[in-house]
Structure formats: structure tokens, C-alpha cells
Amino acid sequence: MISAETLIDAVVVDELRGKPETIAEVAGITADSREVVPGGCFVAVRGVAVDGHRFIGSALEKGAAIIVAEELPAELPAGVVGVRVPDSRAALGHLASRFYGDPSDELTLVGVTGTNGKTTIATLLYELARMRGLKAGLLSTVENKIDTEVVAADHTTPDPVQLNALLRRMVDAGCTFAAMEVSSHAADQHRIAGLTFAGGIFTNITRDHLDYHKTFDAYLAAKKSFFDMLPDHAFALTNLDDRNGMVMLQNTEARPRATYSLRDMADFRVRIVEDRIDGMLLEFDGQQVETMFVGRFNASNLAAVYGAACLLGVPRQEALVCMSRLMPVAGRFQPFRSADGVTAIVDYAHTPDALINVLDTIAEVAADDARVITVCGAGGDRDKGKRPLMARAAADRSDLVILTSDNPRTEDPEAILADMKAGLTAGDADKVITITDRGEAIRRAAAEARPGDIILLAGKGHEDYQVIGTEKIHFDDREEIKAALKSR
């Protein structure tokens, strides 16, 4: 139970109307007027497409006892408390946190931001905590977890109300640690406002989400804003191998500030000793460890996990033992093999840089006579600028490319593929095939492969659906390739 006075105390107030002391219990909190309950708090947020201020009247009709907004109506019904705030987006985060008893204060909460690697690093930190006997929580693109309970994930970072509700459930379940992905959208929209982080990790930044951020500088600023909000008792860990890595440490109050790297002197240095299709031998600060991961990008992810573990106080030797025991994340460079020696790899790579990283990794571990067959597409209703870059990256690094659908959403799949093909040259014609149906494209790749070849299915990874129009239809690359390889 929380009173209106205690709730409102969580935000900066420009104007207060009514008498908060008369509301002993706030029944709920929401930014969606359809979810308002009698005696609840409605926060009017200016969204990307809809302005919540338009629905204040609807919230009042449903019995809202508190209205929080950047602009209050000229008059409010008797008994209703009005709170005018400078930024209702940020206020929602602080109010949601307070409503659920500030759960992040009771957790060691680590956030991971960057273009690639967020899911892997957050998931491995969760797994590492559980290896050490802790109850832990996870908030990721793939799934949310409350210790061993799996909760479906609809967004990389949930809205503040859902987020704090999940964190409260973690605390109530006995969790003492949580790892979460922090998307650029979440940082820009203040979804993480009000949370107390014990640490922040930056992976890398390349072109992505420009349909939302419009410019790369704005995308970079959104990532950096997460580090700008870290408290002085948190750690800040950044990738020294990314040219924007050190930008994250500028102006942050976090201490300590540390770096990790595969090639430069850093606080946490990792070197690839041996890279194979079934794992890597890595050297962490001079000590060699056999791991079950493949590729430079995964070596970088493990460097981040190792660094974070040490900064959280895990003894280095114990952290190294955990590195050897950690398993790859579903849909992230996940291998499948046929009886006659064809290897297929399912990976979430859906940006040009991620696709290049995965294909370069395959080239490093593939046999000299192995061909690489890449199946990839590009999402609809998203950044169109990366489409030709995706096709170019695939064509430059593959012996055969099959362009296909990848969540076309409300766009014409053929138009998306036409955008991708704009990145190709006349010389690519002999090795690029276009098959709109993704299932058919995967079956064609399996049919074309010879023993020893490697097939990359890029873009969907863990996803078990295709978004066609506005409908989610079950589709899983992993199911499709297993069936296709079995029927060779």
C-alpha cells in the first residue's frame, strides 16, 4: 500500500492541486487510460504517435484519483489530485519505481547497452549469478526470467510500469541480482528513469534504429544517456575496441570506470588463442580458458562478462571457472549439423555490422574448401538505409546468398527485397537468389549445400514468429533448418 503523498514525493513537482493527504492508498499506476482503475494514478505521456494528455478526460471518467501531466486541465473534479511535472515520461519511471517500493534498490542491477551483444552479455551475467548460487533475474530481448520462471518478452526493455512490476516480483522471489538490456529507445524514452543501477556495460555501436533516432549522433546520445544517469557507486565498463567506447565514460559519475579489449591494453584484456567451429581457447589476463563460444564478437562478449563479474566482486579465479562453464545463448551463433556434415548457424544478426561479424567469424573457422551460404532479409517498417548494406555484406562474404523475408510487417516483401538488391552489383547476379518465402529459402539453402558447407540463417535468431502485416505467425528458423537438414 502506498499513499499519494509518498508516491508524489518521487517526482519534481511544478504545480500541485488538491489534497494528496486525503488519498491513503493509490490503487494502481498506468500511462494507458484504458487501464485506469478507480483510485489509481494516470500519467499523461507524450508518445511518438499519441499524446496521452488527450486521454485525461477518459482517465477521470474511469475514476483516476491522481493525474500527472505536463499540462493539467483548467479544472479537475473534487477530490482529484493534479500534479504538473516538467517531463511526464521521466516522471512515469520514478512514480512506477516508487509505487512498487523501489525494487531496484534491493537488487544488484546491471544494465547492458550497445547495438550488438546486449542479449548475450545480460543472459550470461544472469547465468553466472545462478552458477554462484544466487537467485537472479533477467530482462532481455529473448525472455524475462524471475529466477527460473520464464516471462515472455514483448520489448527489449519493458515500459516503466511493467519493468518495475517485474523487478518487484524478482525481489519478492528472493532474487538479489538482475541483468537487463537497456535499448536506445528505453534510454531515450526514460523507461529506466527511477532505477538504481549497480553497473553499466557498453558493447559497441553501429548503424541501427535510425528509423527512430533519425541520425547516428542521436542514437549515440541515447546510449550515452544511460551512462550519464549512473550513480557514483556504480561501475561503468566500456569496450575499448569500439571507437565510441570511451565516449560512454565522459561525464559519468560512475566509479570505477573500466575498459575491456581484445586488442589493446585494458583493465580486462582477452586474447583469442584458438578459434574453432566448436569453441575457443581464450586467454583472460594471462590465463587460458577453454570456452564453448565461437568468434571474435563472442570473445568480446565474454570479456565484458568477465570484467563485470570482477567489478561486482567475484574473485578472478572463480570468474574464470564460470567462463569455461557458460553456454551460448539460444539463437546467437547456434549451430545445427546434418548427418552428412553440413553445418547451419542460426544468428540474430540483423544489422550490417552484426552480419559482417558473423560471416567473418565463419570464414575464420571454416575449412578451406567449405562454401558459405547466407540466408538473410531485412525488417519492414524499419530503417531502409541498412537494407542495401545488408545485401552487400552478405554478397561480399558468401558463396551463395538467398535474400528472403524477415518480418516484413506492413511493407510489401518484394519492395524490401528490391531495396536490398540495390546494394548489389551486376557481378553478384550469379550468386544471389531471391526467394520471398523464408521457409522455401531455408529449404533451398539446405538443398544447395554440400558436405562441409556452412549455412548462415541471419536476422531472426531466437524469434519463433514472422510479422506479416500486423499478424504474428509462428515461424522458427531453428525448426525449419532442422527439418530441412534431416530431409537432405
Side-chain angles (χ1 to χ4, degrees), residues 116 275-279 292-298 328-379 390-407 417 420-421 424 428-466 475-488:
N116 304 311
D275 196 359
R276 309 178 304 275
I277 194 67
D278 61 346
M292 292 177 248
F293 294 78
V294 179
R296 289 184 63 83
F297 62 94
N298 270 325
V329 177
R332 267 60 176 177
F333 211 89
Q334 185 173 0
F336 298 88
R337 294 182 178 87
S338 70
D340 62 346
V342 173
T343 298
I345 293 168
V346 174
D347 194 87
Y348 190 54
H350 61 285
T351 66
D353 184 69
L355 187 58
I356 288 169
N357 286 341
V358 173
L359 285 168
D360 284 351
T361 295
I362 290 172
E364 290 168 6
V365 299
D368 291 340
D369 58 347
R371 296 183 309 152
V372 177
I373 301 172
T374 298
V375 178
C376 67
M390 294 283 287
R392 182 72 264 145
D396 285 343
R397 293 163 177 80
S398 309
D399 298 284
L400 174 64
V401 178
I402 303 178
L403 300 178
T404 189
S405 292
D406 180 349
N407 295 336
L417 293 172
M420 293 190 76
K421 287 189 284 187
L424 302 174
D428 297 319
D430 292 340
K431 65 174 183 179
V432 178
I433 302 171
T434 301
I435 301 176
T436 306
D437 182 276
R438 192 174 182 93
E440 183 182 341
I442 291 171
R443 290 188 289 275
R444 176 67 177 272
E448 293 281 347
R450 300 191 292 254
D453 287 351
I454 299 177
I455 301 169
L456 172 63
L457 306 182
K460 297 193 64 61
H462 65 282
E463 292 180 350
D464 60 0
Y465 58 84
Q466 278 269 61
F475 186 93
D476 192 323
D477 277 3
R478 295 163 295 182
E479 293 175 0
E480 295 290 329
I481 192 59
K482 281 193 285 187
L485 292 176
K486 188 175 181 180
S487 63
R488 278 175 54 81

ask   = Any idea which heavy atoms bring Gly295 and Thr361 closest together, and the distance?
value = CA-CG2, 3.2 Å
ask   = In Å and rounded to the nearest 0.5 Å, what is the OG to CD distance from Ser405 to Glu440?
value = 11.0 Å
inquiry  = So, taking the atom named CZ in Arg443 and the one named CD in Glu480, what distance separates them when rounded to the nearest 0.5 Å?
reply    = 6.0 Å
request  = Could you walk me through whether Gln334 and Ile345 pass the side-chain contact (heavy atoms from CB on, under 4.5 Å) test, one step at a time?
outcome  = CA-CA 5 Å; Gln334 185 173 0; Ile345 293 168; over 6 Å; no
ask   = salt bridge (Lys or Arg N to Asp or Glu O under 4.0 Å): which pairs involve residues 362-373, sequence neighbours left out?
value = Arg371-Asp453
query = Passes side-chain contact (heavy atoms from CB on, under 4.5 Å), Thr436 versus Thr404? Steps please.
reply = CA-CA 5 Å; Thr436 306; Thr404 189; 5.7 Å; no
task = Would you mind reporting whether Tyr348 and Glu463 have side-chain heavy atoms less than 4.5 Å apart?
result = yes
key: Under the salt bridge (Lys or Arg N to Asp or Glu O under 4.0 Å) test, residues paired with Asp340 that sit two or more places apart   = Arg488
message = According to salt bridge (Lys or Arg N to Asp or Glu O under 4.0 Å), who are the partners of Glu448, at least two apart in sequence or on a separate chain?
response = Arg444
ask   = Are the side chains of Ile442 and Leu457 in touch, meaning some heavy atoms are under 4.5 Å apart?
value = yes
Closest contact, heavy atoms only, Leu355 versus Met390 = CD2-O, 3.4 Å
task = Applying side-chain contact (heavy atoms from CB on, under 4.5 Å), run through Leu456 and Ile362 and close with a yes or a no.
result = CA-CA 9 Å; Leu456 172 63; Ile362 290 172; 4.0 Å; yes
key: Arg337 side chain to Val342 backbone, donor-acceptor under 3.5 Å   = no
request  = Would you mind reporting whether Asp464 and Phe475 have side-chain heavy atoms less than 4.5 Å apart?
outcome  = no
key: For Arg332, all residues meeting salt bridge (Lys or Arg N to Asp or Glu O under 4.0 Å), sequence neighbours excluded   = none
request  = Scan Ile373, Leu403, Val401, Leu400 and name whichever one has a side chain to side chain contact (heavy atoms under 4.5 Å, CB included) with Ile433.
outcome  = Leu400
remark   = Shortest non-hydrogen pair, Leu424 vs Ala391, comes out as CD2-O, 3.7 Å
message = Rounded at 0.5 Å granularity, tell me how far CG in Asn116 sits from CD1 in Ile356.
response = 10.5 Å
Salt bridge (Lys or Arg N to Asp or Glu O under 4.0 Å) partners for Arg296, two or more places apart = none
Taking every non-hydrogen atom, the tightest pair across Pro352 and Ala393 = O-CB, 4.3 Å
ask   = Cut-off 3.5 Å, side chains only: do Asp406 and Gln466 have a donor facing an acceptor?
value = no
message = Testing the basics here: between Cys376 and Ala394, what is the closest heavy-atom pair and its distance to 0.1 Å?
response = SG-CB, 4.0 Å
query = Taking atom CD1 of Ile455 and atom OG of Ser398, what is their separation to the nearest 0.5 Å?
reply = 11.5 Å
Pairing residues for Asp477 by the side chain to side chain donor-acceptor pair (under 3.5 Å) criterion, not counting sequence neighbours = Arg438
task = Answer whether the closest heavy-atom distance between the side chains of Phe333 and Phe297 falls below 4.5 Å.
result = yes
request  = Assess whether side-chain contact (heavy atoms from CB on, under 4.5 Å) is satisfied between Val294 and Asp278, documenting all intermediate values.
outcome  = CA-CA 7 Å; Val294 179; Asp278 61 346; 6.0 Å; no
task = Check Ala344 against Leu485 and note the closest heavy-atom contact, atom names and distance.
result = CB-CD1, 4.1 Å
query = Asn407 versus Lys460: any side-chain heavy-atom pair under 4.5 Å?
reply = yes
key: Carboxylate-amine/guanidinium proximity below 4.0 Å for Asp428 and Lys421   = no
